[in-house]
Amino acid sequence: MLASLTDLSAHRRGAARLTASALVSALTAATAALAGAGQAAAQETAPGQARGGATATMGGLKMYGAAVLHEESGDQEISAGLFEMSVEGGGMLQTYCVDLLNPTQKDAKYHETPWSGTSLGSNKDAGRVRWIVQNSYPQVNDLAALAKKAGVRGGLTEADAAAGTQVAIWRYSDQADVDAVDPEAEKLADYLEKHARDLAEPEASLTVDPPAVSGRPGERLGPVTVRTNAGSAAVAPPADAATSGVRIVDRKGEPVTTVADGGQVWFDIPDDAVAGTAELAVHASTTVPVGRAFAAESRSQTQVLAGSSESTVSATATATWADGGAIPALSAAENCAADGTDGAEDTPGLDITAVNEGDGAFTFDLLDTEYTIAPGETRTVSVPLQEDQPYDFTISTPAGPEQRFTGVLDCRTQGSAAGDTTQTVAEPSPATAGVTATNANLADTGGSEVTPLIGGMALALLGVGGVTLYVLRRKTETQRS
């Protein structure tokens with residue numbers, strides 16, 4: 001059947017062919033499955049983890065058509081279309097995949113993420129992907145008008161529109177040689193690819209900056225700046241505010257319960273507060289901007305937003321205080337924008353930012369390297385990681401509880417890792433013939449219900465391959481005044 005479809009690519013431009021090693025594919029797929037199982041249990045919202053915006057759970061592929069991926073090893077028929085995710089706190093999202101050859105895990109949890117934390121961060125065509133989602137289905141839901149623009153004489157069904165849009169995205173997000181099977185969908189894909197223009201990354205729905213602050217009792221710690229596309233956001237004080245006496249205030253010291261875009265808040269710490277930490281939460285209801293990226297906590301396809309209902313978005317910020325010694329504020333963010341050409345400091349990985357507002361040095365160890373943050377110093381430590389590598393860093397702080405940063409680095413698509421077979425991941429399963437859009441199964445794009453079994457295999461493979469990441473906990477040296 002697939003052999004008869006190869007003539008569909010005769011007119012295609014000379015795209016780079018995607019190569020794979022069967023052994024490495026199996027190893028990385030198993031590693032991915034293990035990460036998917038382990039991260040679901042281990043992933044807690046770590047203090048200082050730089051996340052803000054919508055958090056959603058993958059619901060599945062809801063509207064799709066067939067496409068053909070052309071590889072050196074042969075042609076593969078896959079499903080191409082629109083996913084749906086449910087937002088924590090209320091709301092629905094519609095997304096397309098920008099990570100073609102990675103698996104999609106059922107019920108995976110996703111976070112709104114800056115492009116720099118995904119493969120879009122190093123993709124010069126990321127802006128064209130945003131143009132496509134803004135100028136096609138479902139943003140353009142007048143299918144007759146969309147068909148007319150694309151020169152599709154036979155008209156477009158929703159499945160055609162979803163498939164054609166996804167195919168066009170893959171040509172830019174993955175540099176994939178891929179065609180839609182349906183002629184109308186293929187016509188739309190060609191139109192979108194040809195007319196796509198570079199657009200800037202959209203602003204986040206809600207963020208706080210910085211996500212962590214520190215200082216001494218009796219001070220106002222901050223400011224923490226809130227950025228949002230909502231009209232206003234609600235500010236929730238620390239859960240133990242009634243007993244700790246910590247207040248969230250504005251510049252004048254007045255209590256704050258709501259804030260607009262660009263508004264600033266401070267943690268007001270009582271004079272007699274013992275060393276500790278507190279967290280504030282910011283919540284809003286808004287539509288998430290089209291073109292925002294969504295990355296999974298586990299190993300699951302990165303998505304780009306194509307549509308949003310009114311949805312709940314949130315962000316948190318933490319404060320740490322002590323009378324003296326080292327008083328660090330820690331935050332972390334994945335960095336996929338680095339190109340890896342200038343050594344470890346320019347290699348994709350995790351950027352951990354430490355701000356020391358105390359009068360003693362803050363020292364911690366990561367991957368056999370000791371880092372010392374001097375009093376009054378702010379420093380970002382770039383921890384290089386391998387693609388698809390789960391990480392789990394724990395850093396102890398003298399003034400508060402341990403801070404844990406966990407995740408899986410997903411900075412590359414197979415297409416962008418041409419010539420580097422160590423980046424290969426599991427290929428998508430063939431599309432299921434005769435399945436309607438409303439009964440779409442995640443297996444169509446690489447998901448599988450045998451993930452637990454693969455996870456068990458991954459344990460053995462990880463031992464052989466030496467993939468496990470070891471992290472040394474720091475031993476704090478503090479000076480108390």
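Only a predicted model underlies this, so the values are computations on that prediction, with no experimental measurement involved. Below, each value reflects all heavy atoms present in this structure, side chains not excepted, and no hydrogens, waters or symmetry copies. The first residue in the sequence is number 1, and the count goes up from there.
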Taking A200's backbone N and O only, do any of them form a donor-acceptor pair with R130's side chain (distance below 3.5 Å, no angle check)?
yes
Do Y137 and E158 have side-chain atoms, one donor and one acceptor, less than 3.5 Å apart?
yes
Beyond-backbone contact of L82 with K62, side-chain heavy atoms, under 4.5 angstrom:
no
Can any side-chain N or O of T118 pair as donor or acceptor with the backbone N or O of W115 at less than 3.5 Å?
yes
Mind checking whether Y96 and Q303 have side chains closer than 4.5 Å, heavy atoms only?
no
With a 4.0 Å cut-off on N to O distance, would you call R292 and E203 a salt bridge?
no
Aromatic ring proximity F393/F405, centre distance under 6.0 Å:
no
Side chain proximity check, V304 to T95, heavy atoms < 4.5 angstrom:
no
Any donor-acceptor pair under 3.5 Å from E112 side chain to A54 backbone:
yes
Assess, by modelled atom type and distance only, whether the side chains of Q386 and Y391 contain a donor and an acceptor separated by less than 3.5 Å.
no
Residue from P348, S116, S119, S122 passing side-chain contact (heavy atoms from CB on, under 4.5 Å) with C411:
P348
Indicate whether the side chain of S300 and that of Q105 have a donor and an acceptor atom separated by less than 3.5 Å.
no
With distance as the sole test, does S136 use its side chain to make a donor-acceptor pair with the main-chain N or O of I132 at under 3.5 Å?
no
Whether K187 and E193 form a salt bridge (side-chain N of Lys/Arg under 4.0 Å from carboxylate O of Asp/Glu) is what I want to check.
no
Looking at D160 and T157, would you say the former's side chain and the latter's main chain have a donor-acceptor pair under 3.5 Å?
yes
Assess the residue pair R171 and D179 against the criterion (salt bridge (Lys or Arg N to Asp or Glu O under 4.0 Å)); give the C-alpha distance rounded to whole Å, side-chain angles, the decisive distance to 0.1 Å, and a yes or no.
CA-CA 9 Å; R171 291 173 185 174; D179 299 293; 3.5 Å; yes
S308 and T287: side chain donor to acceptor below 3.5 Å
no
Under 3.5 Å, is there a donor-acceptor pair between the T318 and E279 side chains?
no
May I ask you to say whether K149 pairs ionically with D142, meaning some side-chain N is under 4.0 Å from a carboxylate O?
no
Identified side-chain contact (heavy atoms from CB on, under 4.5 Å) partner of T406 from the options D392, T394, L350:
D392
T312 and E88: side chain donor to acceptor below 3.5 Å
no
Side-chain donor or acceptor of Q403 paired with backbone N/O of S396 under 3.5 Å
no
Test D351 against S382 for side-chain hydrogen bond (donor to acceptor under 3.5 Å, both in side chains), laying out the working first.
CA-CA 4 Å; D351 287 348; S382 297; 3.0 Å; yes
Donor on one side chain, acceptor on other, T286 and N229, under 3.5 Å:
yes
Using distance alone, with no hydrogens and no angle criterion, decide if Q301 and T104 have a side-chain donor and acceptor under 3.5 Å apart.
yes
Note: D209-R227 ion pair, threshold 4.0 Å (strictly below):
no
I'd like to know if the side chain of E297 and the backbone of G407 have a donor-acceptor N/O pair within less than 3.5 Å.
no
Could you tell me whether the side chain of D177 and the main chain of H70 form a donor-acceptor pair under 3.5 Å?
no
Check against side-chain contact (heavy atoms from CB on, under 4.5 Å), T413 and L101
CA-CA 7 Å; T413 63; L101 292 183; over 6 Å; no
All heavy atoms of A108 vs all of S298, minimum pair found to be CB-OG, 3.9 Å
Stepwise side-chain contact (heavy atoms from CB on, under 4.5 Å) check, D99 with D410
CA-CA 9 Å; D99 205 0; D410 184 11; 2.9 Å; yes
Check the pair L69 / D75 against side-chain contact (heavy atoms from CB on, under 4.5 Å), numbers first and verdict last.
CA-CA 6 Å; L69 176 66; D75 291 344; over 6 Å; no
Tell me, with the steps shown, if M85 and T57 meet side-chain contact (heavy atoms from CB on, under 4.5 Å).
CA-CA 5 Å; M85 293 195 282; T57 300; over 6 Å; no
With heavy-atom distances below 4.5 Å as the criterion, would you say the side chains of T302 and F294 are in contact?
no
Is the backbone N or O of R128 less than 3.5 Å from a side-chain atom of D125, with the two atoms forming a donor-acceptor pair by type?
no
Heavy-atom check, side chain of W131 versus side chain of D198, under 4.5 Å
no
Check: E71 main-chain N/O paired with S73 side-chain donor or acceptor under 3.5 Å:
no
